[in-house]
Every structure is written in C-alpha cells, then in structure tokens.
Amino acid sequence: MLQAAIFDMDGLMIDTEPIWDRTWVPVLADMGVTDVPHDSLQVMIDMSRGAGIDQMRRALDGQLGVGRVSAEEFRRRQVACFNRLCEEGVPAKPGLGELLAFLRREGIRSAVASSSPRDMIDAQLRRVGARDMVDLLVSAEEVEHGKPAPDVFLEAARRLGTKPGRSLVLEDSLNGIEAGWRGGFLPVMVPDLIAPDDAAREHAVAICRDLNEVRDLIAAGRLG
C-alpha cells in the first residue's frame, strides 16, 4: 500500500525551471564571467538541474575551471536573482492542486524535498496556494549531500514515518530520479525541460506526461 508521495518542487510542482535558466547569464556576468560559450552554459544548467551544491560545484569547475567561481556564492546570488524574477509571477504545474487534494483524501502523506532553500520552498508553495496541502518540507540544505544523493528524500521519509519502498518520489530531473532510485523509493518522472535518458527509463517506475496522469495511476492502483 502506498504510504507517501515525496515531491521535488522546481519544474515538478511549479513552473520555475525557465526562470532558473534566466539567472545564469546575469549572475555569472555579475561575478565577472562573460566569456562562457553557449554549449558550456547549457552543460552547466543541465548538470545543475535539480541538484545540490556539490553537483553545482562540479558543473562550474568542469566548464569554467576549478575555483574560478565559488559555487556557494554563485548559488547565493542566483537565489536573489531568481526571487526578483519571480515577482513577475510563477504558475503551478497542471494537475498539482488536484493531485495534492487526492492524496489527502486517500490518506497518503505528502512532502516536498527540494534542492532550494527552505524559505524559498515555503514562499513558492504559498504563491501557488499549495503550502497547506503538503505535510512536510525538507531542503537539501538540511542534509549532508544534495541530489543525486538520496539524502533529502530519505530525510523526508524519516520525518513522515514512511518506508522508501512504499513511497513515490516525483521528479522532473535526471538527478532527482537517480536520487530516488538510490534511496530505494519508487521514482516517477514527469519531464519538464529535460527528456528522460536511458538511466531514467530504467530506474523510474513510470514516466508521466503531467501530474494528472500521476493521480490517475495512483487511483488505478498502478503506482505503489
């Protein structure tokens, strides 16, 4: 029996990934880096999508040179830039409210486990009216290793009192699907800007077009 659904946030619950993408060029420029080829920029964006600070550091060091840009300082400035851009408004992903309401009716616990800072998770969920519909928030800043390590999902399951093997991990990113699989969860991918690769197809128990399909599969007993 399914015990919990643990959600990523950016690109899965809320349509924020295009906004995160818009932060890279101005933040790097603000840090004195204006000579990044487009291909290198895209590699960094893709590597960092849904990931923690360790993966961010690997992306920056790999494309810009070791130590040229501090991952911690880049992330701090990126969050500030993101928050300014979000003042324009950010929509929820299709089916979010319906899925969260369904989980509550069915007695299936829910959590958000995101690489974003905790205050940002809270603020973004409030923007789309979803904060009171989830039981728990966990930021990767609260655990030792960010995605693709499974730490943030394992911490969410621990606090919920649920078993990984009875819990869905809902993700749009390749890093998130790997993290869910490594933690022994039931990973479900709802692709956003990145299509599933071979590893995601192998590790995910389902690949869904949107959150409405996730709800339908749970209702049909085909997940968990």
Side-chain angles (χ1 to χ4, degrees), residues 8-91 93 113-117 120-121 123-124 139-141 143-152 170-182 187 189-204 207 209-210:
D8 177 47
M9 184 180 70
D10 292 298
L12 187 281
M13 303 178 79
I14 308 176
D15 196 15
T16 49
E17 290 293 1
I19 300 175
W20 281 114
D21 290 0
R22 289 169 57 193
T23 66
W24 280 78
V25 170
V27 171
L28 286 173
D30 191 47
M31 299 181 75
V33 179
T34 59
D35 58 345
V36 184
H38 176 77
D39 288 351
S40 295
L41 179 67
Q42 195 60 52
V43 168
M44 288 189 289
I45 291 172
D46 291 345
M47 281 185 66
S48 302
R49 208 178 295 283
I53 195 67
D54 295 336
Q55 187 78 350
M56 174 76 77
R57 185 178 298 108
R58 283 192 285 272
L60 292 167
D61 287 351
Q63 299 301 311
L64 303 180
V66 175
R68 184 179 180 190
V69 170
S70 162
E72 289 79 6
E73 179 63 14
F74 176 85
R75 185 62 170 169
R76 185 188 69 79
R77 297 190 189 203
Q78 186 183 37
V79 166
C81 181
F82 175 86
N83 285 333
R84 290 193 299 271
L85 292 173
C86 280
E87 293 174 3
E88 303 170 9
V90 185
K93 298 290 278 188
S114 169
S115 298
S116 294
M120 179 179 291
I121 301 170
Q124 293 290 10
S139 167
E141 293 183 344
V143 297
E144 184 174 1
H145 300 293
K147 304 171 191 177
D151 299 28
V152 69
L170 305 177
E171 270 282 358
D172 69 294
S173 74
L174 304 179
N175 285 314
I177 291 296
E178 181 180 347
W181 172 72
R182 287 169 62 180
M189 188 171 186
V190 184
D192 183 34
L193 300 184
I194 296 292
D197 61 6
D198 289 343
R201 291 188 185 92
E202 179 181 351
H203 297 153
I207 298 175
R209 64 181 179 277
D210 57 27

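Here the closest heavy-atom approach between residue Lys147 and residue Gly176 is recorded as CD-CA, 4.2 Å. The shortest heavy-atom contact between Phe74 and Met31 is CA-SD, 3.7 Å. Of all the heavy atoms in Ala113 and Val152, the pair that sits closest is CB-CG2, 3.8 Å. Taking both residues in full, the closest heavy atoms of Ile207 and Arg201 are given as CD1-CG, 3.8 Å, listed atom of the first, atom of the second, then distance. Closest of all the heavy-atom pairs between Met189 and Ala200 is SD-CB, 4.0 Å. When every heavy atom of Met44 is checked against every heavy atom of Leu28, the shortest pair comes out as CE-CD1, 4.2 Å.
Within a 6.0 Å sphere centred on CH2 of Trp181, heavy atoms belonging to other residues, nucleotides or ligands number 12 at most.
Remark: the backbone N or O of Val36 is not paired with any side-chain donor or acceptor of Ser40 at under 3.5 angstrom. A donor-acceptor distance shorter than 3.5 angstrom exists from the side chain of Ser139 to the backbone of Ser116, with no hydrogens or angles considered.
Expressed to the nearest 0.5 Å, how far OG1 of Thr16 lies from CE of Met9 amounts to 6.0 Å. In this structure, Leu174 CG and Ile194 CD1 are separated by 6.5 Å, a value rounded to the nearest 0.5 Å. Rounding to the nearest 0.5 angstrom, the gap separating the CG atom in Asp54 from the CD atom in Glu144 is 9.0 Å. In this structure, the separation between CD on Glu72 and CZ on Arg76 is 11.5 Å, given to the nearest 0.5 Å. Taking CG of Asp192 as the reference point, atom CG of Asp210 lies at 12.0 Å (rounded to 0.5 Å). In this structure, the separation between CD on Gln63 and CG on Asp39 is 9.0 Å, given to the nearest 0.5 Å.
Glu171 is not listed as a side-chain neighbour of Pro187, based on a closest heavy-atom distance of 4.5 Å or more. Side-chain contact check for Lys93 versus Leu12: every heavy-atom pair is 4.5 Å or farther apart. With contacts defined as side-chain heavy-atom distances shorter than 4.5 Å, the pair Leu170/Val190 does not qualify.
Here Ser115 pairs with nothing under the side chain to side chain donor-acceptor pair (under 3.5 Å) rule; sequence neighbours left out. A search for salt bridge (charged side-chain N to carboxylate O under 4.0 Å, His left out) contacts involving Arg58 returns nothing, not counting sequence neighbours. Partners of Arg22 by side chain to side chain donor-acceptor pair (under 3.5 Å), not counting sequence neighbours: none found. Listed by chain and number, the residues in a salt bridge (charged side-chain N to carboxylate O under 4.0 Å, His left out) with Asp35 are Arg68 (sequence neighbours excluded). Take Asp151 and apply the side chain to side chain donor-acceptor pair (under 3.5 Å) test, not counting sequence neighbours, and it matches no residue.
When each of Asp21, Asp10, Asp172, Asn175 is paired with Arg49, the side-chain hydrogen bond (donor to acceptor under 3.5 Å, both in side chains) condition holds for Asp21 and for no other.
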Under 3.5 Å, which donor-acceptor pairs link side chains of residues 77-87 to any protein atom two or more places apart or in another chain?
{"residue": "Arg77", "atom": "NE", "partner": "Glu73", "partner atom": "OE2", "Å": "2.7"}
{"residue": "Arg77", "atom": "NH1", "partner": "Asp30", "partner atom": "O", "Å": "3.3"}
{"residue": "Arg77", "atom": "NH1", "partner": "Asp30", "partner atom": "OD2", "Å": "2.7"}
{"residue": "Arg77", "atom": "NH2", "partner": "Glu73", "partner atom": "OE2", "Å": "3.4"}
{"residue": "Gln78", "atom": "OE1", "partner": "Arg75", "partner atom": "NH1", "Å": "3.0"}
{"residue": "Gln78", "atom": "NE2", "partner": "Thr23", "partner atom": "OG1", "Å": "3.0"}
{"residue": "Asn83", "atom": "ND2", "partner": "Val79", "partner atom": "O", "Å": "3.3"}

Worksheet item: Is there a side chain to side chain contact (heavy atoms under 4.5 Å, CB included) between Ile45 and Trp20 once you walk through the steps?
Response: CA-CA 9 Å; Ile45 291 172; Trp20 281 114; over 6 Å; no
